[in-house]
Number of protein chains: 2
Amino acid sequence: MRKQQLVRDTIWDAAIQLFAEKGFDETTVDDIAVAAGTSRRSFFRYFQSKSDLMAQDIVSYGASLADAIRRCPPGCSLPEVLRRTMLQAAQHSAAQPRTRQIMEIAAQYPAAREAQIARVAEVQEHLAAAYAERCRVNGGNDLTAHVLAGLTLSLLSVTFRTWFTNGQNDIASTVDQVFATVQQLMGGRVGAGRRSVPRGGG
Amino acid sequence: MRKQQLVRDTIWDAAIQLFAEKGFDETTVDDIAVAAGTSRRSFFRYFQSKSDLMAQDIVSYGASLADAIRRCPPGCSLPEVLRRTMLQAAQHSAAQPRTRQIMEIAAQYPAAREAQIARVAEVQEHLAAAYAERCRVNGGNDLTAHVLAGLTLSLLSVTFRTWFTNGQNDIASTVDQVFATVQQLMGGRVGAGRRSVPRGGG
DNA sequence: GTATAAAGTGGCACTGAGTGCCATGTCAAC
DNA sequence: GTTGACATGGCACTCAGTGCCACTTTATAC
């Protein structure tokens, strides 16, 4: 039924609203249920936990990421796949109406943040699988896929952080900036360019 | 007092033992308190939460990381700092007696895993600060520092994952392998993506 | 329209996490 | 032995999350 989704959305909207108004910790599940015109018991039929509410957008974020990887033209090199994936996911998230509000809640409440971070870690597994398919075409082993998945999420995390704290509008340029930074860092030479130094750094 | 640390260690040991035996979710704080010969109320004076127990080793992990960054010889390039940092942190963690046991618990119980992941995210902030100091010397801006911090943790995560699932003993070679993968991946031009040969070692 | 199965809802009671409060115990100083 | 600082543990409370069950709604069959 479509009514299911409606109830779900109603609860979610009410919750985010309350989190923004009262704070995450200060809002009880009862508060949310009442605000959404339902019961505490029903709340837990739609969401696994209070924290789960904060992780909802990560699901679509993850789907958007895996989708971007798979939709990349076959001719793309792996770094190009990474760049395009970052770009699409960043724009997808930036376009969600509640994104900034949710980021603000996450920034303010550790418990809310934890829920998001944990879900992102789950997404990483799916990304690695999507990249693994790519690697079969472009060359690269399972390790490459996992590195790419980790890279995607950590670079996007930096991207969002920069975008959010700078209050910028254009997230695409932030993506470019971050991507260029990694390339410069791991590819070119930055600063003192001595490559190998005797071991034992202590 | 040193006795404080003793009680703390006793509780922690008892907890990890119980998690390994009964499972994380199945172990209550009461169980832990009794096993450690103390009370539930005292438990919460030593640890913020049950999950906090799983995050204890992340604290020393984070300290080890920041330490490695700062101890790196001044002549090192940023990628070299990254490589050495990864290596030291990996070896530090691999040397902890309980590391594999804790990884097993984390692998099995989402709630336990979440606690660790959340703490790692906190560590990232400290790493970025340590890298920022480096960047003042080696060149590179604040963004570079944050990218490096994210890179460090995500690459180490892949490293531990590989090391853990493969049941390898030598984590240093795993670090080299992961590091080489990123260099190969991001080092070349966007079009081709093939570059230097992975350098074995350790 | 009525009967009925299936699914959704909400109340109730329970366990467990985490916290505030306070009485008690311990240990050192005087 | 008294005093003060501090650690401890018990008690009671709130809130998250779950199992159970009665009730209501909806869909389907006759």
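Chain letters run A, B, ... following the sequence lines, proteins first, then strands; residues in each count from 1. Heavy-atom basis, side chains included; hydrogens, waters and symmetry copies ignored.
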Find the distance [X]:[atom1] to [N]:[atom2] and express it as a whole number of Å.
| X | N | atom1 | atom2 | result |
| --- | --- | --- | --- | --- |
| A:Lys3 | C:dT9 | NZ | C1' | 9 Å |
| B:Phe47 | C:dT19 | CZ | C1' | 18 Å |
| A:Asp25 | C:dT19 | CG | P | 10 Å |
| A:Asp30 | D:dT14 | CG | P | 12 Å |
| A:Asp31 | D:dG17 | CG | C1' | 16 Å |
| B:Gln4 | D:dA5 | CD | P | 17 Å |
| A:Ile11 | C:dT9 | CD1 | C1' | 11 Å |
| A:Lys50 | D:dC15 | NZ | C1' | 8 Å |

query: Which part of the nucleic acid does A:Thr27 contact within heavy-atom distance under 4.0 Å: base, sugar-phosphate only, or nothing?
result: sugar-phosphate

So, does [X] get its side chain near the phosphate of [N], meaning an N or O under 4.0 Å from OP1 or OP2?
| X | N | answer |
| --- | --- | --- |
| A:Thr28 | D:dT14 | no |
| A:Ser42 | C:dG8 | no |
| B:Gln48 | C:dG18 | no |

- request: Looking only at side-chain atoms of A:Ser39, point me to the closest of D:dG9, D:dT8, C:dG10.
  value: C:dG10

query: Out of C:dG11, D:dT8, C:dG18, which has the shortest distance to the side chain of B:Arg45?
result: D:dT8

query: 5'-most contact on DNA chain C: B:Phe43 or A:Tyr46, nearest heavy atom basis?
result: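 Its nearest nucleotide being more 5', the pick is A:Tyr46.
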
- prompt: What is the minimum heavy-atom distance between A:Ile105 and A:Ile16, and which atoms define it?
  reply: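 It is CD1-O, 4.0 Å.
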
- prompt: With a 4.5 Å limit on heavy-atom distance, are the side chains of B:Leu87 and B:Arg84 in contact?
  reply: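 No, side chains not in contact.
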
query: Quick one: are B:Leu18 and B:Glu26 in side-chain contact, heavy atoms under 4.5 Å?
result: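 Answer no - side chains too far apart.
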
task: Tell whether A:Arg41 reaches the base of C:dG8 with its side chain through a donor-acceptor pair below 3.5 angstrom.
output: no

- prompt: Is the number of heavy atoms from other residues, nucleotides or ligands within 6.0 Å of CD (B:Glu133) greater than 12?
  reply: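 Correct, the count exceeds 12.
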
- request: Give the intermediate values and the outcome of side-chain contact (heavy atoms from CB on, under 4.5 Å) for residues B:Tyr131 and B:Thr85.
  value: CA-CA 11 Å; B:Tyr131 273 124; B:Thr85 302; 4.0 Å; yes

